[in-house]
Amino acid sequence: MTNIGGGNKRAPKSMNMLWVTLAAAVAWTAAAQAADCPRKGTLGTSRILSVDAASTPRVGLKNFPQTLPLADHEVVLTFDDGPWPPTTPRVLAALAHECARATFFLIGKPASEHPELVRRIAARGHTIGHHTWLHRSLMRIKPSETTEEIDHGISAVEMALHGVATTTPSTPFFRFPGFETTPATLDFLQSRGIVVFGADLWASDWNPMTAAQELKLITDRLKAAGRGIILFHDPKARTATVLPAFLRYLRDNHYRVVHVEPKEPGAQIKAAP
Ligand SMILES: [Zn+2]
């Protein structure tokens, strides 16, 4: 699935090879850091789950009939709508404090405006998925515009990560803005081998409430569900505030974090820091 060195007409091959070398070095560093979390007693990341469109094209029980094969007390942490400089670093710090890895579904325009933050997310060992260029509803715009909205978002994130404006994502994971799917856009993503992520539960962090209320809401929902793909929004300051307590709750209640990555070896290329 990688595009580095293959078919890209905008960057010379030597430049691509430099990126590959840098990326490989950082990938090793990120993996080593994840394996050697310096503090004992952290939540940690219990296992890596490889995900591909052939076996799980669409996951998340809020949206689809199937989800990821998670055991009881296993959770996948996901964050939408970043990168956002005031709050994404606070989310990264909370995850690093507990050695927990997550998946960030980035919007293309802010990714193009804050490429260093995109690379920082990847360098910390997190997975980077895609969430369109401007977060417009793909249900409400003209069908002729949906492909551009998806592809522009992918290429902006790929450019921030690897310096290559390609519409083939190095991590083929996508989430619809507002979960607003259409049969045509679902078919389009499936034809491209891109896994569509919904969610199994969420914090409703787009609604007004206090931090204490958000924490109670998500922990109550998790208690009821027992497992699942959890959706937060890293641009929400209140979620950044709640996250350390939520991760401690996971640790104290014996939940385990599962990290999702693309199935194809080498498909996920880590960025330079
Ligand atoms: Zn969103």
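When a ligand or atom number is given, it counts from 1 through the structure's own listing order. Just so we're clear, the structure is a prediction, and the values are computed from it rather than from any experiment.
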Subject >> Residue and atom names of protein N/O/S atoms that fall under 2.8 Å from the Zn ion (ligand 1) >> reply: D81 OD1, H131 NE2, H135 NE2
Original post:
Which residue pairs pass the side chain to side chain donor-acceptor pair (under 3.5 Å) test with at least one member in residues 246-258, sequence neighbours excluded?
Top reply: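 Pairs touching residues 246-258 that pass the test: none.
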Subject >> Donor-acceptor under 3.5 Å (D52 side chain, P262 main chain) >> reply: no
Original post:
Below 4.0 angstrom, N of the basic side chain to O of the carboxylate: do K109 and E113 qualify?
Top reply: yes
Verify the distance criterion only: is there a donor paired with an acceptor across the side chains of [X] and [Y] at less than 3.5 Å?
{"X": "R221", "Y": "S204", "value": "yes"}
{"X": "E214", "Y": "T239", "value": "yes"}
{"X": "R192", "Y": "T168", "value": "no"}

